[in-house]
Amino acid sequence: MKSLLVYLKGYVKESICAPLFKLLEASFELIVPLVIAAIIDKGIANGDKTYILSRCGILVLLAIVGMVAAITAQYFAAKAATGFGRGLRSALYQKIQTLSFNELDNLGTSSLITRMTNDTNTIQNGVNLVLRLFLRSPFIVFGAMVMAFFIDVKCALIFLVAIVLLSIVIFSIMAYTTPGYKKVQSNLDSVTLITRENYEGARVIRAFTDEANEIAEFNRRNRALSNMQKSVGKISALLNPVTYVIINIAIVVLVYSGGVKVNMGDLTQGQVVALYNYMSQILVELIKLANLLVSITKALASADRIKSVFEQESTLEHNDNKAKSDSYIEFDNVSLKYRNAGDMSLIDISFKANKGDVIGVIGGTGSGKSSLVSLVPHFYDASKGTVYVNGCDVKSLDDDELRNKIGFVQQRAVLFKGTVRDNMKWGKKNASDDEIIEALKLAQVYDTIEEKGGLDFFIAQGGANLSGGQKQRLSVARALVRKPEILVLDDSSSALDFATEARMRDAIYSLDYKPTVFIVSQRASSVMSADKIIVLDDGKCVGIGTHKELLDSCEVYKEIYVSQFGKEEA
């Protein structure tokens, strides 16, 4: 938690003023029992109405000043806490953006969402409560005990015993609940994950009529979360009743002892009432402190989870390798193994591509096609060997500069909520409407968008108001608008009919700036016209060549071709 307090740096004044005004309010509150004691012992005992009214006026004044101080403290605490939350959330988001795909895969999207939202809010609320109560409650507890010692030492010992017992109870419960709340947050990650998957895959679930199983699984995870919350909550719930029992026992002992001393003439009735009021103040403040400690426990658990993200370092390697390749793109004995994976995804892949070449990548499901092209923009590090782009080791290049030269269309078409124009500007921030229209035409989707309302057509979240083929073509257009030196199409035409795909492919081949194009596909028709086709099978390269060469020399490619065209010759 200490490492996260840096985000309060811009709110030093508020962080100091909030507790100070709370202490001011607490000081006035500690004076109240003494004023009441004076009213009883002097005003009521002597029948002095003027004295009673004057002291009542003082009580009203103390209430007004205390209320102003409390409101001021609340304002400063809220301002500091919300500013802290904003800074923390922003820093966490920026940190996540720096992580490589390895770390993102390992942490999980649902867990990151929970940490960004629920955990951050928990810490923000914890900071707010700490600024308001962390000094005030102990100040009143110990202040009331000190005031009790001034009134009567023997009676004050009752306060001391009660406070010691309560401290033991509170910190014992806190020691148990801290790890418990961490488990609660982990279970919340699990519920967030299944919720997110169900909402995103609602159509698939309904298509396979699997709603009942998904509901059952959600209920199972939800019960696990609920049971963990109940388990921790039962212990936390002991705070209030145990605190009440100890304080009320102390009050009974205090009233009895005070009554005896009044009869003996050692205490006045007003002093006994003052002691009772101080004990009541301690009760109220310890209840607040107990609830504060529960909130702090939750905040500390959430802080550890967020801290773990900040401690994550991108595992993408960078070096100053001066070695050069004589080809524009080269894979030199490249192998890839994902973190925590059992087997290699790519094994000893070697090939070269010149600027302007069209490279086809084909193979069965799970053969490593997407893994291969993900190494070009340095999304992952090669476990072995070297990947060269523009003749240089990708590890020696700045990632942003490298990726600005690449237009990457992934397997799953991802569109953002907003207009077509907004989505296209992800490819090029300052793209003009003419450039966007040109890219849409190249991707064979301009007519469709024009019918829907043009560049101002609003795309729903996840592109829900578009077909699969339309989303894929818009994704291609977004990559083309930046006029990349390298264009990677990772199975980005699987939802297109053959004629539309062929027109889009011909349009890309005819680009005057001649990008180097990688076409990943399971369709032989998509890669037949490529300058070079790489055939993958279970992570291994089993053939490299043109379409005709591979039909003669590569059994895997021949099987793919025959299975799709039903004949052995092109």
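In this chain, numbering begins with 1 at the start of the sequence shown.
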Carefully, step by step, assess Leu511 and Leu442 under the rule side chain to side chain contact (heavy atoms under 4.5 Å, CB included).
-> CA-CA 9 Å; Leu511 290 171; Leu442 289 170; 3.5 Å; yes
Check the pair Phe379, Phe408 against side chain to side chain contact (heavy atoms under 4.5 Å, CB included), reporting the backbone distance first and the verdict last.
-> CA-CA 11 Å; Phe379 287 156; Phe408 201 104; 4.0 Å; yes
Please test Asn390 against Lys355 for side chain to side chain contact (heavy atoms under 4.5 Å, CB included), starting from the C-alpha separation and ending with a verdict.
-> CA-CA 8 Å; Asn390 200 17; Lys355 193 172 180 62; over 6 Å; no
Hey, mind stepping through Asn219 and Asn222 against side-chain hydrogen bond (donor to acceptor under 3.5 Å, both in side chains) and telling me if it holds?
-> CA-CA 5 Å; Asn219 288 336; Asn222 201 27; 5.2 Å; no
List the steps and the verdict of side chain to side chain contact (heavy atoms under 4.5 Å, CB included) for Thr516 and Glu485.
-> CA-CA 6 Å; Thr516 302; Glu485 294 181 16; over 6 Å; no
Might you work through the side-chain hydrogen bond (donor to acceptor under 3.5 Å, both in side chains) test for Ser492 and Gln411, ending with a clear yes or no?
-> CA-CA 6 Å; Ser492 57; Gln411 279 181 308; over 6 Å; no
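The closest side-chain heavy-atom distance from Lys369 to Asp491 is not below 4.5 Å. With a 4.5 Å cut-off on side-chain heavy atoms, Thr386 and Val334 do not count as touching. Residues Asp433 and Leu455 meet the side-chain proximity criterion, which asks for heavy atoms closer than 4.5 Å. Side-chain contact check for Asn198 versus Thr195: every heavy-atom pair is 4.5 Å or farther apart. Counting only heavy atoms from C-beta outward, the side chains of Phe331 and Val376 approach each other to under 4.5 Å. Here the side chains of Asp332 and Val387 are not in contact, with every heavy-atom distance at 4.5 Å or above. With contacts defined as side-chain heavy-atom distances shorter than 4.5 Å, the pair Ile486/Lys405 does not qualify. Residues Ile519 and Val361 fail the side-chain proximity criterion, which asks for heavy atoms closer than 4.5 Å.
When every heavy atom of Ile436 is checked against every heavy atom of Ala431, the shortest pair comes out as CG1-CB, 4.1 Å. When all heavy atoms of Asn465 and Lys452 are compared, the closest pair comes out as O-NZ, 4.2 Å. Ala299 approaches Gly126 most closely through the heavy-atom pair CB-CA, 4.3 Å.
Residues Gln94 and Ser90 have side chains that bring a donor and an acceptor to within less than 3.5 angstrom of each other. Side-chain N/O atoms of Arg223 and Asn187 include no donor and acceptor closer than 3.5 Å. For the residue pair Glu311 and Ser308, no side-chain donor N or O sits within less than 3.5 Å of a side-chain acceptor on the partner. With 3.5 Å as the limit, one finds a donor-acceptor pair spanning the side chains of Ser370 and Asp490. If you check the side chains of Tyr338 and Ser383, you find no donor sitting under 3.5 Å from an acceptor.
Other residues, nucleotides and ligands contribute only 12 or fewer heavy atoms inside 6.0 Å of the CZ atom of Phe208. Within 6.0 Å of CZ in Phe139 there are more than 12 heavy atoms belonging to other residues, nucleotides or ligands. The number of heavy-atom neighbours closer than 6.0 Å to CD of Gln97, taken from other residues, nucleotides and ligands shown, is above 12. Heavy atoms from other residues, nucleotides or ligands lying under 6.0 Å from OH of Tyr75 number 12 at most. More than 12 heavy atoms of other residues, nucleotides or ligands sit less than 6.0 Å from atom NZ of Lys395. Remark: Asn319 CG is packed, more than 12 non-hydrogen atoms of other residues, nucleotides or ligands lying under 6.0 Å away.
At distances below 3.5 Å, at least one donor-acceptor pair connects side-chain atoms of Thr117 with backbone N or O atoms of Ile113. The backbone N or O of Leu23 lies less than 3.5 Å from no partner atom in the side chain of Arg136, so there is not a single donor-acceptor pair. In terms of modelled atom types and a separation under 3.5 Å, the side chain of Arg221 and the main chain of Val191 share no donor-acceptor contact. Of the possible donor and acceptor atoms, one in the side chain of Thr122 sits under 3.5 Å from a partner among the backbone N and O of Asn118. At least one donor-acceptor pair under 3.5 Å links the side chain of Gln281 to the backbone N or O of Glu29. With Asn423 contributing its side chain and Thr419 its backbone, the two residues share a donor-acceptor pair below 3.5 Å. At least one donor-acceptor pair closer than 3.5 Å links the side chain of Thr82 to the backbone N or O of Lys79. A side-chain donor-acceptor contact under 3.5 Å links Ser396 to the backbone of Asp393. Side-chain atoms of Glu451 do not come within 3.5 Å of backbone N or O of Thr448 as any donor-acceptor pair. Judged by distance alone, with hydrogens and angles left aside, the side-chain atoms of Glu435 form a donor-acceptor pair with the main-chain N or O of Ser432 at under 3.5 Å.
Summarising the geometry, atom OG belonging to Ser295 is positioned 10.0 Å from atom CG belonging to Asn128; distances are rounded to the nearest 0.5 Å. For the atom pair CD1 of Ile140 and NZ of Lys22, the computed distance is 8.5 Å after rounding to the nearest 0.5 Å. Of the inter-residue distances, the one linking Phe218 atom CZ with Ser190 atom OG reads 10.0 Å to the nearest 0.5 angstrom. Distance check, rounded to the nearest 0.5 Å: CZ of Arg482 to CG of Asn404 gives 5.5 Å. Distance check: Ile349 CD1 to Lys384 NZ gives 11.0 Å after rounding to the nearest 0.5 Å.
Between Asp456 and Arg421, at least one side-chain nitrogen of the basic residue sits less than 4.0 Å from a carboxylate oxygen of the acidic one, meeting the salt-bridge criterion. Arg220 and Glu217 are joined by a salt bridge, as a carboxylate oxygen and a charged side-chain nitrogen come within less than 4.0 angstrom of each other.
Ring pair His378/His318 is perpendicular by interplanar angle, where above 60° counts as perpendicular and below 30° as parallel. Note on ring orientation: taking the six-membered ring where Trp is involved, the planes of Phe84 and Tyr7 are perpendicular (angle over 60°, cut-offs 30° and 60°).
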Just list the side-chain donor-acceptor pairs under 3.5 Å for residues 468-475, sequence neighbours left out, or say none.
residue : atom : partner : partner atom : Å
Gln470  : OE1  : Ser467  : N            : 3.0
Gln470  : OE1  : Ser467  : OG           : 3.4
Gln472  : OE1  : Ser494  : N            : 3.3
Gln472  : OE1  : Ala495  : N            : 2.9
Gln472  : NE2  : Ser494  : OG           : 2.9
Arg473  : NE   : Gly469  : O            : 3.3
Arg473  : NH1  : Gln444  : O            : 2.7
Ser475  : OG   : Lys471  : O            : 2.9

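With a 6.0 Å cutoff to the six-membered ring centre and a 45° limit on the axis angle, Lys95 does not count as a cation-pi contact of Phe310.
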